[in-house]
Amino acid sequence: MSEIKKIKPALSKGTRDFLPVEVAKRNYIFDTIKSVFRKYGFEEIETPAIERMETLTGKYGEEGDKLLFKILNSGDFLKDVPKEELAAANSQSTLKYIAEKGLRYDLTVPLARYVVQHQENLAFPFKRFHIGPVWRADRPQKGRYQEFYQCDADIIGSTSLLNEVELSMIYAEVFKALGIDVLIHFNHRKVIESLIAVIDKPGFSELIVSCIDKLDKVEWDKIESELHAAGLIKSETDALYNSIIVKADTLWCEEDIRANAAGEEAHKDISVLLKVIGSSIPNLVYNGRLARGLNYYTGIIWEIVLDKSSVANNNISMGSLGGGGRYDNLTEMFGAKNMSGVGISFGIERIYDVMEELNLFPATISQGVKVLFIPREEEMEEFAFQQAHALRCDGIAAEVYLGNVKKQKHFKYIGDKHIAYFVEVGGDEKASGKFRLRNVQTRDTQSDLTLKQLIQLLQ
RNA sequence: GUGGCUUUAGCUCAGUUGGUUAGAGCAGCGGUUUGUGGUUCCGCAGGUCGUGGGUUCGACCCCCAUAAGCCACCCCA
């Protein structure tokens, strides 16, 4: 025997293993969301984890490019690098020669590629959902990983505001089904646009959006000094304060906002949204402070937060559980124009944490098989196996504990896997064809059951 | 990219001002006990104390370097 080198078992930074019970809980969330999506006519798609680097680069800004996971070319990855490039030893400019592929950074850019590439074969408006892992070479921290799941639903190729209505309804329905009390905040990018026009600082729009976005976490004083440092004067920051803090709840209706063409357009959109929804979604609330960091949004935007006024959510502090919005020209960079889209996203990892904290997972999801057959002796295993198989043929989940072990092992196994019943199988049972069924929880015992009776009882 | 903290058994962690042979609980394995139920008790196995230097008669402990992980910024989900 050659010596086996021991390797310390460890994960790559920012990644996780999931225990069976965790996978069951995650699937519960996925299945709940999927069933709502399907009910509204969304179809599931898949795309590869690996995309060509040219598909990925330049879509997420300079920061985003740095956070892309690159895949080293197979084989002799240095053979295509020009000599002068090698000599220069510039890792940035050498990159394109040694890494042609990368891991997807989100599900949105792959969607844009997908839609353009398959447009002849898709039914428009194209309503799809996509759940899958994405990868970012970010520094991990609490609730942030290098590999995590995104869960998106988008409608491509329709400008109707009824799409926004539909997505609002989906948000409401999903969180209701999961049992989480949330507020569905919404705003309109053109309200923000108009606000920036009102204070006449067009060059600062990105900064202002990012400051508004931070309002929930950072004190106004700090934001104000950041804006002053950037060159805004006191009267301008005061005007901003008046709008996004004082009038945040009614910003879309304010006269100075509506005086602007963009503001008026936003007013019209929001009016339609509210009129159609009426009182059917009471937790859909306007929030003039909502901006969302991503700069491709052009219309209605959403963000989901825990409802602090709900008694259930006692003192849980948690960022947004989802977000989305309308974007124009998503597909333009892949050569298809005039494809407006609107989409929403669910923050699975945070939803999981909230549900864990509030104990919202139903107890049934961690349940194992219905019944465990325990052979009393090793010679009984085959007979027990046949009985278990008979149960399975009638749709009852059953297992046989194989291996000659101590009794306490059996019960540990039953407990660990949350098995509901057990049947011990020995020579007597084999000879008589009668079994004794015991309920693990209640300890109720039913004796002298034929296999047929056993099946009937468990069905 | 910036800063802080941590690193001792598979996991969670003790470890005295620097002193011989590094400990516990959980998990694993074996036995024991329980008048057919997760129990009790006992034992076994498992560690180059992240790594590399240094100080010292002597280092898990002090110093330097380095790596990894976590946490907080930036940014984002």
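The basis for the numbers below is simple: all heavy atoms, side chains too, and nothing from hydrogens, waters or symmetry mates. Numbered from 1 within each chain, the chains take letters A, B, ... in sequence-line order.
Across the protein-nucleic acid pair, A:Lys142 atom NZ and B:A72 atom C1' stand 13 Å apart, rounded to whole Å. Atom pair A:Tyr421:OH and B:G38:P shows a separation of 20 Å (rounding to whole Å applied). As a whole-Å value, the separation of A:Asn439 CG from B:G38 P is 16 Å. At whole-Å resolution of the value, CZ in A:Arg136 and P in B:A77 are 5 Å apart. Per the geometry, CZ belonging to A:Phe411 stands 17 Å off C1' belonging to B:U40, to the nearest Å. Atom CZ in A:Arg144 sits roughly 16 Å away from atom P in B:G69 (whole-Å rounding). Distance A:Tyr413 OH to B:A27 C1': 17 Å, rounded to the nearest Å. In this structure, CG of A:Leu306 is placed 18 Å from P of B:A77, rounded to the nearest angstrom.
Without hydrogens or angle criteria, A:Lys70 side chain to A:Leu68 main chain gives a donor-acceptor distance under 3.5 Å. In this structure, the side chain of A:Lys34 does not engage the main chain of A:Glu44 through any donor-acceptor pair within 3.5 Å. Between the side chain of A:Arg189 and the main chain of A:Ile301, no donor-acceptor pair closer than 3.5 Å is present.
Within residues 361-371 of chain A, no residue has a heavy atom under 4.0 Å from RNA chain B.
Straight-line distance between the C1' atoms of B:C11 and B:G28: roughly 12 Å, to the nearest whole Å. The P atoms of B:U56 and B:C63 are separated by 16 Å, rounded to the nearest whole Å. Comparing B:A9 with B:A14, their C1' atoms sit 13 Å apart, to the nearest whole Å. Only the P atoms considered, B:C13 is 13 Å distant from B:C71, to the nearest whole Å. Spacing between B:U20 and B:C49 at atom P, rounded to whole Å, works out to 16 Å. Taking atom C1' on both nucleotides, B:U34 is separated from B:C44 by 23 Å, rounded to a whole Å. The C1' atoms of B:G54 and B:G18 are separated by 16 Å, rounded to the nearest whole Å. Using P as the reference atom, B:U48 and B:G10 are 8 Å apart when rounded to the nearest Å.
With B:U36, B:G37, B:A77 as the candidates, the nucleotide lying closest to the side chain of A:Arg438 is B:G37. Nearest nucleotide to the side chain of A:Arg139, out of B:A72, B:G69, B:A77: B:A72. Side-chain proximity of A:Lys13 to the nucleotides B:C70, B:U36, B:A77 is greatest for B:C70.
Nucleotide B:G54 carries an anti base; the chi torsion (O4'-C1'-N9-C4 or O4'-C1'-N1-C2) is more than 90° from 0.
Residue-to-nucleotide proximity on RNA chain B shows that, of A:Lys406 and A:Gln441, the 5′-proximal contact is made by A:Lys406. In terms of position along RNA chain B, the nucleotide closest to A:Glu63 lies nearer the 5' end than the nucleotide closest to the other residue of the pair A:Arg292 and A:Glu63.
A:Asp138 comes within 4.0 angstrom of a base, heavy atoms only. When heavy atoms are screened at a 4.0 angstrom cut-off, A:Gly143 is found touching base atoms of the nucleic acid. Among the heavy atoms of the strands lying under 4.0 Å from A:Val440 is at least one base atom, whether or not backbone atoms are also near. As judged by a 4.0 angstrom heavy-atom cut-off over every strand, A:Tyr149 is placed among residues making no nucleic acid contact.
Nucleotide B:G3 forms a Watson-Crick or G-U wobble pair with B:C71, both donor-acceptor distances falling under 3.5 Å. Under the Watson-Crick or G-U wobble criterion, with both distances below 3.5 Å, B:C44 is paired with B:G28. Remark: B:C62 base-pairs with B:G54. Criterion, Watson-Crick or G-U wobble with two distances under 3.5 Å.
Listed pair A:Gln141 / B:A72 meets the phosphate criterion, a side-chain N or O lying under 4.0 Å from OP1 or OP2. Between A:Lys412 and B:G28 there is a side-chain N or O to OP1 or OP2 distance below 4.0 Å. Residue A:Gln408 has no polar side-chain atom (N or O) positioned under 4.0 Å from OP1 or OP2 of B:U34. Of the side-chain N and O atoms in A:Lys409, one or more sit less than 4.0 angstrom from OP1 or OP2 of B:C29.
Using a 4.5 Å heavy-atom cutoff, the side chains of A:Leu103 and A:Ile50 are in contact. The side-chain heavy atoms of A:Glu166 and A:Lys127, taken from C-beta on, include a pair separated by under 4.5 Å.
For the residue pair A:Tyr171/A:Asn283, the side-chain donor-acceptor check at 3.5 Å is not satisfied. With no hydrogens or angles considered, a side-chain donor-acceptor pair links A:Glu85 and A:Ser93 at under 3.5 Å.
Here the closest heavy-atom approach between residue A:Gly179 and residue A:Leu360 is recorded as O-CD1, 3.4 Å. Among all heavy-atom pairs drawn from A:Ala248 and A:Arg289, the shortest one is CB-CG, 3.9 Å.
A cation-pi arrangement is absent between A:Arg438 and A:Phe422 under the rule of less than 6.0 angstrom and at most 45 degrees off the ring axis.
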